[in-house]
Amino acid sequence: MAKYKIPRGTYDILPSESYKWQYVQNTFRKVARLYNFKEIVTPIFESSDLFERSVGDSSDIVEKEMYKFNDKKGRTFALRPEGTASVVRSVVENNLDLDANSTKLYYMGPMFRYDRPQKGRYRQFYQYGVEYFGSDNALIDAQTIALADTFLRQLGLKNYKLEINSIGNATCAKDYDSALINFFKPHFNELCSDCQRRLEKNPKRVLDCKNKTCKSIAKEAPSMLDYLDEECSTHFENLQKYLTQMKIDFVVNPTIVRGLDYYTKTAFEFIDSNLGAQSTLIGGGRYDGLVKQIGGRDVAGIGFAGGFERLLLSLEAEEIKIPNNDKPDVYLVTLGEKAETISAELLMKLRADNISTEFHPDKKTMKAQMKAANRSDARFVILLGDNEIEQNKFNLKNMETGEQELVDFQEMVRIIFQ
Ligand SMILES: [Zn+2]
Ligand SMILES: [Zn+2]
């Protein structure tokens, strides 16, 4: 048995799986580029205060799930539980909102939550996301949603649906909060202790609670949509108009509140019902007050995030085959001492021509080398023995068709690139 074990709730991405990760990450980069988003990379830990202020100290994430630690000088940091707070911190710190070229950002990387591990849910998990700063136009909400939709579609996913909601802004949310408090008060004793504690401070949390009793009471709760003021309801109508215009299907689901404190107006989720309890593929929304709250200018913002783990589960559930481009172009088989000596130079020449090559000098027989060539999944095998060396040629075998040709170096390169 191995002496050391991986920490609970984490996993290794092994070589047999890593091409899948490269594929979904490359696809995300490509789609972000289509919408002219630029990548931003922030540290995996930040002052814990940043998350407490932005995500909200009454949220599950901050209250129960954050990896907090003190460094040697006693400063309190946290491993980032989500991406938006760090991006907003960086935007404010670097004045990025003043630069038209860096108001549309995307990121990818590990996030951390101390949560009970289960299928599709880990303590270190990998997210991708975008943030769009500087506009509160509903067309920008629609564009952000469209980016997420384009991404899922380019991966070939079909069995997902988009649900949208509006949770209003500070003005109308206040009326809604009092309506919620009035609604839940008569049920106070039935609520779980978390909800009892949070009811006055943040009644929307009760709508988010996973407790069965809380859930069934919340079913009858008043809908935010009945409390939207004119500004927020116009914004929500415009969003629906644009989505319809863009032919992106959606349903309005008034129960989406998202688990974070900073959302305003638009909230949305891409749901894959194949995934059971962990059905949210992508979640996002508008956060118009957040930049100011973190010390920046009063700049509007909207974004989304999704987990790569669930995405891969979705691809598996829809039986979408992920192309594996992580294979060598060529496997070099050498026979005899002369060939082995020449191979040192030949391998360099092939790689200089951008041809990915593999070989195993410790395998001496033709049979052992051909076996290894098969296992490597190389598209071509170069057979090099005394005969070939004499003619200054190479025996090139196409592993798909079995075809074999005696060619010179230039011709060989040409065929490999065909
Ligand atoms: Zn409002
Ligand atoms: Zn509860």
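Atoms within a ligand are numbered from 1 in the order they appear, just like the ligands themselves. Predicted model, so just to flag it, every value in this text is computed and none were measured.
Using modelled atom types, one finds a donor on one side chain and an acceptor on the other under 3.5 Å when comparing T357 with R351.
Rounding to 10 degrees gives 110° for the angle at the Zn ion (ligand 2) between SG of C214 and SG of C192. Vertex the Zn ion (ligand 2); arms to C195 atom SG and C209 atom SG; angle 110° (nearest 10°).
Other residues, nucleotides and ligands place no more than 12 heavy atoms under 6.0 Å from the NZ atom of K371. Remark: M246 CE is packed, more than 12 non-hydrogen atoms of other residues, nucleotides or ligands lying under 6.0 Å away. Sparse packing is recorded around CZ of R53, with 12 or fewer heavy atoms of other residues, nucleotides or ligands lying under 6.0 Å away.
None of the N, O or S atoms belonging to E231 lies under 2.8 Å away from the Zn ion (ligand 1). Among the backbone and side-chain atoms of N169, an N/O/S atom is found under 2.8 Å from the Zn ion (ligand 1).
A distance of 15.5 Å separates CD of E269 from CZ of F250, quoted to the nearest 0.5 Å.
Summary: OD1 is the N/O/S atom of D229 found nearest to the Zn ion (ligand 1).
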